[in-house]
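Report on the structure given below.
Order of appearance sets the numbers: ligands from 1, and atoms from 1 within every ligand. If you're wondering where the values come from, they're calculated on a predicted model, not measured in any experiment.
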Amino acid sequence: MPEPFKRPKRKNPIVRTRLPTLPPGLRSRVALGLTAAAARGRFELQVCRDCGAVQYPPREVCRVCLSHRLIWRPQDGRGELLSETVLRVAQELFFRERLPWRVGMVRLDAGVNVVAYVHENVSDAPCRVRIEAALDRAGQAALIALADDRRRSVLSDDPKLREMTCDPLGRKILVTDGKSVLGQAAVRALAAAGADLIWIGEAEPWKKIPGFAALRELSAAKIVPLDLTDGRSVQVLAGEIGAKVDIVVNTAEYHRTFGIAARRGVETAQLEMEVNYFGLLRLAQAFAPALKARAADGPTNAIAWVNVLSIFALANYPAHGTYSASKAAAFSLSQTLRAELRPAGVRVINLFPGPVDDEWDQLELPPKLSPAAVAAALVAALKDSVEDVYPGDVAQDWLARHLDNAKALERELSEGNR
Ligand SMILES: [Zn+2]
């Protein structure tokens with residue numbers, strides 16, 4: 001049985017911080033298909049369109065009929081752990097620092113063999129297991145064999161595999177805006193998930209928002225001044241807590257409902273950009289260097305950055321036209337942030353919720369996501385080792401339409417067909 005989580009010791013400030021090591025991260029273009037699926041929490045393998053063969057490892061052509069018509073298809077991952085071993089010697093620095101590793105050979109019911117990390121909870125081979133693909137610290141897909149009777153991923157129960165996740169348990173977290181309904185829900189969900197300390201950003205302290213004062217009663221919570229439209233405010237907070245934050249959760253956003261013709265002037269659109277795009281940029285400039293520097297601090301390292309974006313970042317929804325544009329800009333910037341944080345092993349997670357049941361989506365037709373559902377998806381994303389999360393049916397539907405035919409989605413949205 002795995003040991004219960006123990007709070008890590010404080011870091012000795014005199015001991016030099018180690019530089020981060022990462023598992024080998026290079027993959028061929030075709031093998032990145034596995035990573036693309038794992039980034040969304042799915043385990044997919046190549047399937048041949050001509051003969052139906054499933055194959056692993058990924059290749060350019062079908063191993064049976066040499067057809068190049070291969071598509072990635074979700075797999076249930078069920079199979080049998082045939083044999084296992086414990087690695088006690090490794091060439092790679094990353095693995096050498098973490099020996100021993102339990103690895104095994106799994107025969108999938110789909111007909112292929114894979115080599116996978118074996119979770120502590122799995123009994124000795126031979127036995128039934130379920131393979132999941134999770135992102136490792138280099139941001140690449142790694143295959144993990146979990147006990148078949150577990151319905152949910154419990155990666156963090158295994159101390160070795162916990163490092164792949166960004167489990168909020170025992171972590172110090174900054175939530176940039178605690179005043180929105182979504183920010184409040186995020187704080188409560190993170191507190192319930194066992195966060196050690198949550199700094200809650202508060203802009204405009206004179207505004208009385210229902211529910212916000214009650215956050216002060218959470219034992220893990222501490223309210224701090226933070227206004228993402230003010231570079232000085234961001235820098236002051238980064239100077240105070242930047243060296244302690246393990247996870248940044250950016251919930252701050254400005255959202256108004258209009259396209260181009262409905263208003264004169266650009267002031268509102270500028271405010272959307274100020275918070276949603278420049279706010280993220282200010283936050284990243286102030287906090288990302290400290291996160292990178294603390295990426296190898298053992299169990300008390302900095303691990304993740306979460307952006308709450310919107311499904312409107314993928315395709316412009318004209319009724320929320322300027323807001324969509326600001327979220328698309330933030331999405332693009334988040335990819336730079338991801339590229340800059342990945343070498344340190346710090347994961348950037350983007351959430352793309354559909355319309356949320358809040359003030360500015362009032363006129364949207366249901367289904368709408370409750371803020372609590374988005375917050376639950378946020379915590380699950382941290383625990384499950386993924387990068388891109390599309391909470392709720394609307395976001396899942398938009399994503400499927402976007403991947404199938406982005407142009408058709410643009411036309412449907414322009415006709416108000418959500
Ligand atoms: Zn084939």
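Counting only protein N, O or S atoms closer than 2.8 Å to the Zn ion (ligand 1) gives 4.
Screening Ile303, Leu169, Leu190 for a side chain to side chain contact (heavy atoms under 4.5 Å, CB included) with Leu382, the sole residue that qualifies is Leu190.
A centroid separation of less than 6.0 Å is found between the aromatic rings of Phe331 and Phe352.
With salt bridges taken as basic N to acidic carboxylate O contacts below 4.0 Å, none links Arg137 and Glu163.
For Arg256 and Tyr254, the positive end sits near the middle of the six-membered ring, less than 6.0 Å away and at most 45° from its axis. With a 6.0 Å cutoff to the six-membered ring centre and a 45° limit on the axis angle, Lys327 does not count as a cation-pi contact of Phe312.
Residues Leu135 and Thr35 form a side-chain contact, since some pair of their non-hydrogen atoms from C-beta on lies under 4.5 Å apart.
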